[in-house]
Every structure is written in C-alpha cells, then in structure tokens.
Amino acid sequence: MGVLTRYLEEAMAKARYDLVSPGRYVGELAEFGLRVEGENLEATRRALREALELHILETLRSGFLPPGLEATPDPLRERFFALAQEMWRLLREAPAPLPRPRKAPSLEEWLKGLGVQVVRRPEEGEEERERVLNRLALFLGDRYPSLERLYERLKQSLSTKRQFELSLAEASPEEIANSTQFCTLLKQYALLTSYRYKSEDRLLRAKASTEGWVQNFLTGGWLERYVAERLRKYLRSKNLPHEVAVGYQVTLPGGEAMELDVLVRVGERFYWFEAKTGEFQAHIAKYAGLKKVLGLSQKESFLVLLGMDRARAKELSALHGLTVVNQANFLEAFQEALGAHA
C-alpha cells in the first residue's frame, strides 16, 4: 500500500458520521475541517473521501504537507518553499509608489522664499553681443596682472571722457603684447573710438566710447561677467546642475533696493558674489548685512576685489564675515566651498 493510500485510509478511519434526519447523513473530519452531507452512509463516505483527496491536493500544491504526512526535515526544501511564499506575497501586493525627486528651487524661487522681491531680471542680449563682451571680460580678467596699468588709465579717462596716454617704454614684452592686443579688440568692437600705438616710442594713445553700456562694462560690468563666465565654465566641466545669473535688481524685505552682481545655484545650494573694481570700503558693511538676509554662510558669500592681495583679503574676511578674494583666486575659494558641501 502506497504512502498516500495509507494516509487516506488512516484519516478516513477517524471520520464521524451522523444521521441528522431520515435520508440525510453528515460526515466530518474535524482534524481537516471537512464536513459533507449525503443521502445514505455510503454516499456520505464517498463524498467525504473526495473532499479529503481534494484538500490534500490543494495542500501539496501550496508547497505544504498535510498533518501526519511530514517527512524528515529538509532545510533546503523548507528554504525553497519559504522563498516561494515570500515571492508570491510580493507579487500580490501592490508596489509602493516611488517618491518623486524633489525639484531644486530656481534662483528666483529662492529669493521669493526669503522675502526678496525681484524688480528687474538680467537682460539677455543678442547671443553674438554676449559672446563678444564675455570674450573681452575673459581676456582682461585672465591677463589682469599685465593689463593693470592700462586698465587703471582707461578707467580714469572715463570720468574725463578724454583721450589717455600710456608709456610702455619700461614695460615687459608680455605687458606690451597684451596691452596692444586688448586695445585692438576694444577698437575693433568700438568700445574705443580711437587707438594708436607708436612702436618706436612705445607710446599708446586711446579714447573710450562715451556710450552708457560701454562705460558700465569698462567700469565694472566686465568683472561681473568674468566671475560669472568662469563659474559657468567650471560647473559645466564638472557636469554639475547649476544656474548662474548676473545683475538681479531686488528689493529687500525692509524695502531697500539692491543689485546682486552674481547669483549661483548648484543643485540645492546657493552662492552670492559681489565684484568691485574700485573702492569697496563704503559697501563692505552693507554686504555683510545682506549675507544674513540671504541666509548664507561666510563660505557661500564672496566679495571679489580686483587686484586685492591675498594677505589683506584674508584679514578682511575675518573682520567682515565674507569670503574676500581677488579675480585670480575666487574660483579656488568657490571650489573649496563646493567641497565643504559635498
């Protein structure tokens, strides 16, 4: 006799039958929770056996053994059925929706959240015009040590609106080459209305345009562009999600009007740069206060001072709670700030 046949016979031997009314029998196997009815005892017995067989079949299909039919414990088999049951449970449960990634606020959204009202947004000029001005800003900023004398004379002449002269008799070959090339570019794009260099005398003469946008660019707008463009190039090279804006005019929560030179968003972090080509002393306390309004730390707030030596910049940083840098090392300081937030 087979194992299943013996099991069925032993289970059926425990069945209980009752006559509940004429022509109505009830058969039960309490151990299995089975109960059937029949017209006579034999029909009831057959129905109960069929119910038992079906119950055993369903139990086996589910990966279990009916009570009393268990074999010697098999850890591998038990593990298999446990994994099968867990997989079935996971398939039947509805998957939880994945959380939507939080979108970083834009620069304008960030300012609005601080109660800062944007009055005037940066104007996007024609692409070719922007490319030319950015190229001039990069040329001057990257070569400023050798162009410092030329730039100072050029900026002084803007207030008088007269021609200026610069002797290059004692200048290095680098200063001569960069000065003449820069003036040639300015003349080529009509930021200089006149330019002449006498190589035999090493004397440079030039006159700046009096147009308002030229004056703004040469007095300080170029440095803002230089900072913004260097930041863009760096962030693109690192493939970092970012936003850079120049020249937001805003109203602070207290009603004071301000212009924010350069704002930067990298992911969900924000940074602010002010750029000065001349006197800064009357403004630095205001910048320190603005840092608090923007909710930025010292490492996130930069004051770029043209030609400032590093030792003095470090002292100014300690005194005023800003990161004071020059045009040559602001990018290095920005990289350190990014690393601190990584």
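Everything numeric here is computed off the predicted structure, so don't read it as measured data. Atoms considered below: every heavy atom in the structure, side chains included; atoms not considered: hydrogens, waters and symmetry mates.
Ion pair E9/R6 not flagged as a salt bridge, since none of the NZ, NE, NH1 or NH2 atoms sits closer than 4.0 Å to an Asp/Glu carboxylate oxygen. Taking the charged nitrogens against the carboxylate oxygens, R45 and E50 have no contact shorter than 4.0 Å, which rules out a salt bridge. R230 and D142 are joined by a salt bridge, as a carboxylate oxygen and a charged side-chain nitrogen come within less than 4.0 angstrom of each other. Using a cutoff of 4.0 Å between basic side-chain nitrogens and carboxylate oxygens, R131 and E128 are scored as salt-bridged. Salt-bridge annotation for R35 and E28: present, with a side-chain N of the basic residue lying under 4.0 Å from a carboxylate O of the acidic one. Checked for salt-bridge contact, R225 and E130 meet the test: a charged N lies under 4.0 Å from a carboxylate O. A salt bridge links E108 to R121: at least one charged side-chain nitrogen sits closer than 4.0 Å to a carboxylate oxygen.
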Derivation of the salt bridge (charged side-chain N to carboxylate O under 4.0 Å, His left out) call for E332 and R310
CA-CA 12 Å; E332 177 186 338; R310 295 197 179 203; 3.8 Å; yes
Audit row: S297, E300, side-chain hydrogen bond (donor to acceptor under 3.5 Å, both in side chains) steps and yes/no:
CA-CA 5 Å; S297 68; E300 298 163 327; 3.2 Å; yes
Take W272 and E274 through the side-chain hydrogen bond (donor to acceptor under 3.5 Å, both in side chains) test and state the conclusion after the steps.
CA-CA 7 Å; W272 161 54; E274 286 296 315; 2.8 Å; yes
Yes or no on salt bridge (charged side-chain N to carboxylate O under 4.0 Å, His left out) for E10 and K14, after CA distance, side-chain angles and deciding distance?
CA-CA 7 Å; E10 291 176 354; K14 301 175 183 178; over 6 Å; no
Take Y189 and R135, measure what side-chain hydrogen bond (donor to acceptor under 3.5 Å, both in side chains) needs, and give me the verdict at the end.
CA-CA 11 Å; Y189 295 116; R135 190 171 77 172; 2.5 Å; yes
Kindly determine whether L29 and M12 satisfy side chain to side chain contact (heavy atoms under 4.5 Å, CB included), including the steps that lead there.
CA-CA 8 Å; L29 277 172; M12 288 298 297; 4.3 Å; yes
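Across every non-hydrogen atom of T193 and S209, the tightest pair is CG2-CA, 3.7 Å. Shown here for A228 and V246, the closest heavy-atom pair between the two residues is CB-CG2, 3.4 Å. Taking every heavy atom of both residues into account, L158 and T219 meet most closely at CD1-CG2, 3.4 Å. Taking both residues in full, the closest heavy atoms of V264 and V266 are given as CG1-CG2, 3.9 Å, listed atom of the first, atom of the second, then distance. For the residue pair L150 and L166, the shortest heavy atom distance occurs at CA-CD2, 3.7 Å.
Counting heavy atoms from C-beta on, the side chains of E174 and R143 never come closer than 4.5 Å.
Between F302 and Y271, the angle of the ring planes lies from 30° to 60°, which puts this pair in the tilted group. F270 and W110 have parallel rings, their planes meeting at less than 30° on a 0 to 90° scale where 60° marks the start of perpendicular. The aromatic rings of Y226 and W222 are tilted relative to each other, their planes meeting at an angle between 30° and 60°.
The distance from the CG atom of L235 to the NE2 atom of H242 is 5.0 Å, given to the nearest 0.5 Å. If you take OG on S237 and CZ on R232, they are separated by 14.0 Å, rounding to the nearest 0.5 Å. Here the CD-CG distance, from Q298 to L322, works out to 7.0 Å after rounding to the nearest 0.5 Å. Note: L185 CG to L191 CG = 10.0 Å, rounded to the nearest 0.5 Å. From M308, atom CE reaches atom CG of N326 across 8.5 Å, with rounding to the nearest 0.5 Å. Taking CZ of R196 as the start and NZ of K187 as the end, the distance is 11.5 Å to the nearest 0.5 Å.
The environment of E170 atom CD is sparse: at most 12 non-hydrogen atoms of other residues, nucleotides or ligands sit within 6.0 angstrom. Summarising the local packing, CD of E39 is surrounded by 12 or fewer heavy atoms from other residues, nucleotides or ligands at distances under 6.0 Å. More than 12 heavy atoms of other residues, nucleotides or ligands sit less than 6.0 Å from atom CG of D18. When the shell of 6.0 Å around CD of E165 is examined, it contains more than 12 heavy atoms from other residues, nucleotides or ligands.
Cation-pi geometry between R149 and Y151 is not met at under 6.0 angstrom from the ring centre and within 45 degrees of the axis.
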